[in-house]
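Before any comments, here is the structure.
By convention in this document, chain letters (A, B, ...) are assigned in the order of the sequence lines, proteins followed by strands, and residues within each chain are numbered from 1.
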Amino acid sequence: MSAAAEAAASPPGVLRAPLVVEFPFTRSLGPVQSAFLTGLRERVVLGVRTTAGQVMVPPVEYDPVTAEEIRELVQVATTGTVTTWAWNDHPRPNQPLDSPFAWALVRLDGADTALLHALDAPGPDAVRTGMRVRIRWAAQRTGAITDIACFEPHEGPADPQGAPHDGAFAEPVTGIVAEARLDYTYSPGRAQTAYINALSERRTVGERCPSCHKVYVPPRGACPTCGVATTDRVEVGPAGTVTTYCVVNIKARNLDIEVPYVYAHIALDGADLALHGRIGGIPYDQVRMGLRVEPVWTEGGRYPDHYRPTGEPDADYDAYKELI
Amino acid sequence: MARTPRYAREVAVVAFAQSDHRRRTDELSEVEMVMPVLHQVLARTGLKAGEIGFTCSGSSDYLAGRAFSFTMTLDGVGAWPPISESHVEMDGAWALYEAWVKIQTGEADTALVYAYGKSSPGPVRDVLTRQLDPYYLAPLWPDSVALAALQAQALIDAGETDEPALAAIGARSRASARTGNPHAQLTGAVPQGDYQVRPLRTGDCPPIGDGAAAVVLAAGDTARRLCERPAWITGIDHRIEAHALGLRDLTDSPSTRIAAEHAGLFEAPVDTAELHAPFSSQEVVLRKALGLDEGVAVNRSGGALAANPVMAAGLIRIGEAAARIHRRESDRAVAHATSGPCLQQNLVAVLEGDRA
Amino acid sequence: MSKAATSKECVAVVGVGQTKHVAARHDVSIAGLVREAAVRALADAELTWADVDAVVIGKAPDFFEGVMMPELYLADALGAVGKPMLRVHTAGSVGGSTALVAANLVAARVHRTVLTLAFEKQSESNAMWGLSLPVPFQQPLLAGAGGFFAPHVRAYMRRTGAPDTVGSLVAYKDRRNALKNPYAHLHEHDITLEKVQASPMLWDPIRYSETCPSSDGACAMVLTDRAGAARSPRPPAWVHGGAMRSEPTLFAGKDFVSPQAGKDCAADVYRQAGITDPRREIDAVEMYVPFSWYEPMWLENLGFAEEGEGWKLTEAGVTELDGDLPVNPSGGVLSTNPIGASGMIRFAEAALQVRGRAGEHQIADARRALGHAYGGGAQFFAMWLVGAEPPTS
């Protein structure tokens, strides 16, 4: 079943948008994992021997029983035996095979523990615990667990195995890049939805706490000091006061704003705490605490593009010092 | 009744509340989902947030898809004036454990524990693959159902269960939920369905959904004052196993057994068990590890097969077991929570009510 | 009947270990990194894996390494198989909170000897990516991490009239202190005050040299009870007080310059430890200063100076290694920042001072030291006070 098919329908009228969490993580390996993954690139499978004499494949860096560091590498076979399996009729994104396959734990000949990977078989009737399999190597190998494309059924004899191995290879792999992307659907909830909808009319609408009567902009659903839902909607601004700020001289990631610019905390008139915005329409080195500003919208913008001076006299420090 | 003085202080669950568990809660932010549950659990004790000695929560950034997601949920607590508070990136059962330890030190007499999870925004089966060894396992993206299916097949191969027996666990759980749990997401007769990952069918798998839960703990006489029949935590312990599936006997759960021993489970029989078994096959493993016989009422709430808000489902097991003691439906109960692939980490709590 | 709070067990730090903190540890896995700190802490305590009853681990958001709940994978490397393992996450204060959760396990007599550890391997990703995931509908962050804190620094300067050179004094001091700490990330041997003051202004009023680096690193401690401390081959550090306090992220009336949660947390720790005059009674402070101006701000927040006076202590050299209130003798977060571990390093360095084991950056005759951590939007605080003598009460 696809992720989309799993998702039941959402109620209408609720804001939703994709949230993509994606990063190519750079993972350094350490000696044991480096030897194992480099070995896979060279079509060699290495295990590690514990002090009790067990051979662990894939090799772990630390003995799960004694917690000792273990480094004694041995070569094991590319053939082995299925210890348990599960038939996967609906492969999910990024899994080793695109067509139906079995997940399998495989104890390679010469190993005492099992390795998890995919097993390519015609169907579930062709898979059983105890069946013999061998590694099918990926055509392009880089030094990663995916250098094993999958396992496949194997009727022949076991490979040679059990020889000590020094783990040394030419051009060892010392790191992997682990691409990871997860696709979420983000919904901001009741209070933020109302705020965002009002912004689309270029109005800033906060919510008042029924207990302490403070006006929250943006509202986040709860008065954080009273722990109750904010209720009454209150339009604030449009003008406000710069309570404090900094001058940004380095470009922030993924932001297309020329530096230097001023990033300010702005208490909109009628709000009981400041929100954040960029100040424009004035040289950056003339921005000051107490400056009175108003929003400047651009076509299609969800938020004010920036705030500019209103020309009013600066606010007294005492008038906004509680809002800093 | 006399209980073994295993710890310095007597501590009990004095109140439990949970949300209705639903497939989606798009109209609610996390704090909007959690806050009503906090209000309910406090109302059951008559305590105000400011009177609580310690607060601890459990949740996951990966589930939410945002870093520091728990900081916004704190808004629902009303942490002002500032409170003594902590958070675990674990199921809320472990938040309860941290709170229980805090009360044992004598630094607090009461604690508010909450947990929440929204599985609806992300592909939770894939999200959970990010829990796995980042070098050997995560690059293969083996999803949570696939891993549970490997465990289920191992149980079948060992003769410990079969597919009809697994189906019966799911059916029993949802039938229990229909009569005993108005908050459950899946209740009554649910088709066993197709294989998700063979041998597990739809009915063997937990529903995906959103929910929250909260518990109030209290010590000694405070507990007696706040609750007519406190659910005393007479033992609580948790243990972890090796991470890789290939290093473990998947048909057994030694960590559950060790935790149960340390929690004193085997010193007397229990009448009730709430097991955090997201997959039907895992109930088979847990029953064996905990030595539960047919006389024990297992998952009358429906368990995780009826509602599985990830990060809260373990705390809910403790809450459900406690609630049965509060209602005098149980005198001695065991609650269990799990974390990680194929029951890697397990917590066991023994709860007892005073007998007249 | 509930027993009184006085029945708490005393908690001692008998082992401290940390990695040499660097920008990128290319030679180890995540497990290899945490393992290094843990092995050093056990060696310091002359204990083995079998002596450890439980493991408490902390780190900042899981997105920093892209591993969800990494403690599951790390159980084997930390000798936790068959034992209890807890994972704490309280944002930037997590290293401190983690140590306190571990200390409570001993104080409550649930366990006798606990290994606690915190880490971050920032080189696996990019912290700013993890912190600024593009949440739909929300205004993008308009500045980096420094941009978040710089307006609060400006507010502090406005409120106190502090001269704009104070930040550079802190950076110059901490970087020189780091030269005496072999584990510190930044070892700027040619540092001068002029260089700090000439470094680029990134988020005015914060200069490049007044910001913390991005580090790979781990820190571990072995905590034990009185009986364990009696067997310790080296002097223990005794926990005299420990507390966590939290306040909401953003709220009407929040004081970002001197958050109430920080004041309350310090007051609780001092009360437990019997401290009435922190300035006189505390010999060394390891405080969480990710941007140099936070030193004077926290001096006030923690009660070492009157409100508005913190910068005067810094300016007068009081917080220097040879001053009468040395702050961050280790070089602090300004010299070493594996985010999730930074709080625990503060706690551990405080312990090293009262154990007399801080090496070249040892404060002579340090008897009582404060470890401090904070995180989130300056909302989560964790602190402990450790002493060379066991608590008397």
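Only the side chain of C/D264 comes within less than 4.5 Å of a heavy atom in chain B; its backbone stays farther off. The part of C/F251 that comes within reach of chain B is its side chain, from C-beta onward, which places non-hydrogen atoms under 4.5 angstrom from that chain. With a 4.5 Å cut-off on non-hydrogen atoms, C/N104 touches chain B through its backbone and its side chain both. Heavy atoms closer than 4.5 Å to chain C are found nowhere in B/V11, neither backbone nor side chain. Neither the backbone nor the side chain of C/P70 comes within contact range of chain B; no heavy atoms are under 4.5 Å apart. Of the atoms belonging to B/E89, heavy atoms from both backbone and side chain fall under 4.5 Å from chain C. Only the side chain of B/E98 comes within less than 4.5 Å of a heavy atom in chain C; its backbone stays farther off. The part of B/S60 that comes within reach of chain C is its side chain, from C-beta onward, which places non-hydrogen atoms under 4.5 angstrom from that chain. Of the two parts of B/Q345, only the side chain, counted from C-beta on, holds a non-hydrogen atom closer than 4.5 Å to a non-hydrogen atom of chain C. Contact of C/L74 with chain B is not made at all, since no heavy-atom distance falls under 4.5 Å. In this structure, no portion of C/A243 lies under 4.5 Å from any heavy atom of chain B. With a threshold of 4.5 angstrom between heavy atoms, B/D61 approaches chain C through its backbone and through its side chain. When heavy atoms are compared at a cutoff of 4.5 Å, C/E65 does not approach chain B at all. In this structure, no portion of C/R109 lies under 4.5 Å from any heavy atom of chain B. With a 4.5 Å cut-off on non-hydrogen atoms, B/I103 does not touch chain C at all. Proximity to chain C (any heavy atom under 4.5 Å) is shown, for B/A242, by both the backbone and the side chain. Only the side chain of B/L74 comes within less than 4.5 Å of a heavy atom in chain C; its backbone stays farther off.
With values rounded to the nearest 0.5 angstrom, C/E71 atom CD is found 9.0 Å from B/Q344 atom CD. In this structure, the separation between CZ on C/F63 and CZ on B/R66 is 9.0 Å, given to the nearest 0.5 Å. Note that the CZ atom of C/R245 and the CD atom of B/E85 stand 11.0 Å from one another [nearest 0.5 Å]. Here the CE-CG distance, from C/M68 to B/L132, works out to 10.0 Å after rounding to the nearest 0.5 Å. Taken from CZ in C/R87 to OG in B/S339, the straight-line distance is 10.5 Å, to the nearest 0.5 Å. Atom-to-atom distance recorded for B/S86:OG and C/H89:NE2 is 11.0 Å, nearest 0.5 angstrom.
Considering only heavy atoms from C-beta on, C/Q260 comes within 4.5 Å of B/W80 through its side chain. At least one side-chain heavy atom of B/M311 sits under 4.5 Å from a side-chain heavy atom of C/M69. Side chains of C/D76 and B/L247 form a contact here, defined as non-hydrogen atoms less than 4.5 Å apart.
With chain C as partner, the option from B/V101, B/L347, B/T55 having the largest number of non-hydrogen pairs under 4.5 angstrom is B/V101. Counting heavy-atom pairs closer than 4.5 Å to chain B, the top-ranked of the candidates C/L100, C/V55, C/L105 is C/L105. The candidate from C/S97, C/A75, C/A91 with the greatest count of non-hydrogen atom pairs under 4.5 Å with chain B is C/A91. The choice from B/Q104, B/K102, B/M72 that makes the most heavy-atom pairs within less than 4.5 Å of chain C is B/Q104. Heavy-atom pairs under 4.5 Å with chain C peak, among B/I83, B/D133, B/L63, at B/I83. For the set C/A108, C/P84, C/A80, C/P61, the count of heavy-atom pairs under 4.5 angstrom toward chain B peaks at C/P84. The greatest number of non-hydrogen atom pairs below 4.5 Å with chain B, out of C/V110, C/V88, C/L86, is found for C/L86. Ranked by heavy-atom pairs under 4.5 Å with chain C, the list B/R130, B/M90, B/H238 is led by B/H238. Among C/T98, C/V67, C/V56, C/V135, the residue with the largest count of heavy-atom pairs under 4.5 Å with chain B is C/V67. Heavy-atom pairs under 4.5 Å with chain B peak, among C/T90, C/V106, C/V94, C/L250, at C/T90.
Between the side chain of C/T249 and the backbone N or O of B/T71, at least one donor-acceptor pair lies under 3.5 Å.
For the residue pair C/E247 and B/P82, the shortest heavy atom distance occurs at OE1-CG, 3.9 Å.
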**Message:** For a side-chain contact (heavy atoms from CB on, under 4.5 Å) check, start with the C-alpha distance between B/I240 and C/L72, then their side-chain angles and the critical distance, and finish with the verdict.
**Reply:** CA-CA 8 Å; B/I240 196 166; C/L72 295 167; 4.2 Å; yes
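The six-membered or imidazole ring of B/F68 lies away from that of C/F380, with a centre-to-centre distance of 6.0 Å or more.
With a 6.0 Å radius and a threshold of 12 heavy atoms from other residues, nucleotides or ligands, C/R112 has its CZ atom at or below the threshold.
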